[in-house]
Number of protein chains: 2
Amino acid sequence: MNTTRRAPRASSHDRQASLISAAAALFAAKGFKGTTTKEIARAAGISEALVFKYFPTKRALYTAILAEKAPLSELLSAVEHVARKRDDHGVFTLIAGYRIRPGADPTMLRLLLFSALEGHELADMFFGKQHRVFYDYLAGYIQTRIEEGAFRKTDPLLAARAFIGMVVHHRLLHEIFEVPLHCSHQDIVATYVELFLNGLTCPATSKPRGPSRVR
Amino acid sequence: MNTTRRAPRASSHDRQASLISAAAALFAAKGFKGTTTKEIARAAGISEALVFKYFPTKRALYTAILAEKAPLSELLSAVEHVARKRDDHGVFTLIAGYRIRPGADPTMLRLLLFSALEGHELADMFFGKQHRVFYDYLAGYIQTRIEEGAFRKTDPLLAARAFIGMVVHHRLLHEIFEVPLHCSHQDIVATYVELFLNGLTCPATSKPRGPSRVR
DNA sequence: TAATAGTAAGTGACTACTCACTCACCTTTG
DNA sequence: CAAAGGTGAGTGAGTAGTCACTTACTATTA
């Protein structure tokens, strides 16, 4: 008489999805080496052996996580919409609020950081391509606004990087490292946008200065 | 007859220092779990067993690395010197150029990131205390300059965080993730300072706006 | 409908290997 | 010689990945 319990059956697709989300959380919390396949299996509620039925290696599971592409194009079309109306505030706010994958962003960001630090090719996907889109797009917009006389003369790429730097830094501190910041994400992003636009918008009174003065 | 070669003797202090620097580089490149004591020993040119004569555990070696305190006070006195002369440019440039430990900063930064991501108490030392000093000091300076009418009215803490965010983001991309940025560190810091000061210095023409407008 | 055959889902026990850490012993130096 | 510097050869505790096997379910056939 065999009385061992086994988990109810599930479809291959569901299992794969639950495996990915369980593994993503663990990898993001402890890194690739810091996470064991046994832990992943337990978190997903299956046996360790079954993990290898769905993914041939631990690494394959890892790469499958970030391979679920982020909906970058959706963001860009939304940005383009406000950009056509020359809604500077809207453009900066939309870009500042971007999430790699809605609902799971801090996890994905942590994973991305680990991936980059551990030297995995996963991060190249983001830092090599996706990440550049923001810079290129935002820099293009800033360039346009400079030509239209709405923004001060400055290096558009550097200006874009400055803005994204502010936002990324804040989100890193707040969402990843959980440093207490005493104010809501929403407020801070709004203030950053405000502060940044004060620096960029052209009051048509003070002349733009050249970019390099410190020796 | 024993013909095995062994390493020449070294003082305890020298060994400890070379162990720390070898281990720091490895931990920074691959994380705590990703680095083996065997690798560390080989990098330091000694046997694995000897590592444990100097440090009782792998973790003890790890904590010893960041425990070498950074010369933060030196930076602060340098900053205070230019701050007294109200050299805004000098203040921002000095803070932007700060290195945790001169000569080994990217390594230390990588280590710090790993430490923070892996949830080790090491990062608290930095994010909990040292890191705050920048914010508090810079925010205090900005506050003073606002009261003197030199900067626009804005939240000093947010302004400080924005500036440090820009710089940290750039240095992260450039020094840690080695993203090609097509411009020198020096130029970028200068442009950041310029851009930021343009936003903060008060031309006495455009009124400061309130911080929150985005819904 | 009931027996049979086929198959995907699922598992415990195992293997080959790696890891941090230990120990008995050797060598150099004062 | 005694103390300190130094090591090769381990050891037990994991760890990824395999394998032979069971179970739950479905389709086919008589």
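Chain letters run A, B, ... following the sequence lines, proteins first, then strands; residues in each count from 1. Computed from heavy atoms alone, side chains included, the values below leave out hydrogens, waters and symmetry copies. The structure presented is a predicted model; accordingly, all values stated were derived computationally and were not measured.
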Query raised in the report: CD of B:Gln16 versus P of D:dG5: gap in Å, rounded?
Result: 11 Å
**Report entry** Residues in ring-ring contact (aromatic ring centres under 6.0 Å, His included) contact with A:Phe196, at least two apart in sequence or another chain
**Finding:** A:Phe92, A:Phe163
Requested in this report: State whether B:Tyr54 places a side-chain N or O below 4.0 Å from either non-bridging phosphate oxygen (OP1 or OP2) of D:dG5.
Outcome: no
Query raised in the report: A:Leu61 CG to D:dT15 C1': how many Å, rounded?
Result: 15 Å
Report summary line: Assert: residue with more 5' nearest nucleotide on DNA chain D, out of A:Lys53 and B:Leu50, is B:Leu50
Under 3.5 Å, sequence neighbours excluded: what are the donor-acceptor pairs made by side chains of residues 21-33 of chain A?
from	atom 1	to	atom 2	distance (Å)
A:Ser21	OG	A:Ser18	O	3.3
A:Lys30	NZ	A:Glu39	OE2	2.3

**Report entry** All side-chain hydrogen bond (donor to acceptor under 3.5 Å, both in side chains) counterparts of A:Thr37, not counting sequence neighbours
**Finding:** A:Glu48
Query raised in the report: Please give, in whole Å, the distance from D:dG8 P to B:Arg42 CZ?
Result: 13 Å
Report task. Kindly determine whether A:Tyr62 and A:His120 satisfy ring-ring contact (aromatic ring centres under 6.0 Å, His included), including the steps that lead there. Result -> CA-CA 10 Å; A:Tyr62 190 62; A:His120 297 160; 5.4 Å; yes
Requested in this report: List the protein contact pattern of nucleotides 15-20 of chain C with one symbol per nucleotide (5' to 3'): B for base contact, S for sugar-phosphate-only contact, - for none; contact means a heavy-atom distance under 4.0 Å.
Outcome: ----SB
Report summary line: In short, salt bridge (Lys or Arg N to Asp or Glu O under 4.0 Å) pairs touching residues 83-96 of chain B with sequence neighbours left out are B:Arg86-B:Glu148, B:Asp88-B:Arg145
Query raised in the report: Excluding sequence neighbours, so at least two apart, what forms side-chain hydrogen bond (donor to acceptor under 3.5 Å, both in side chains) with A:His169?
Result: B:Tyr135
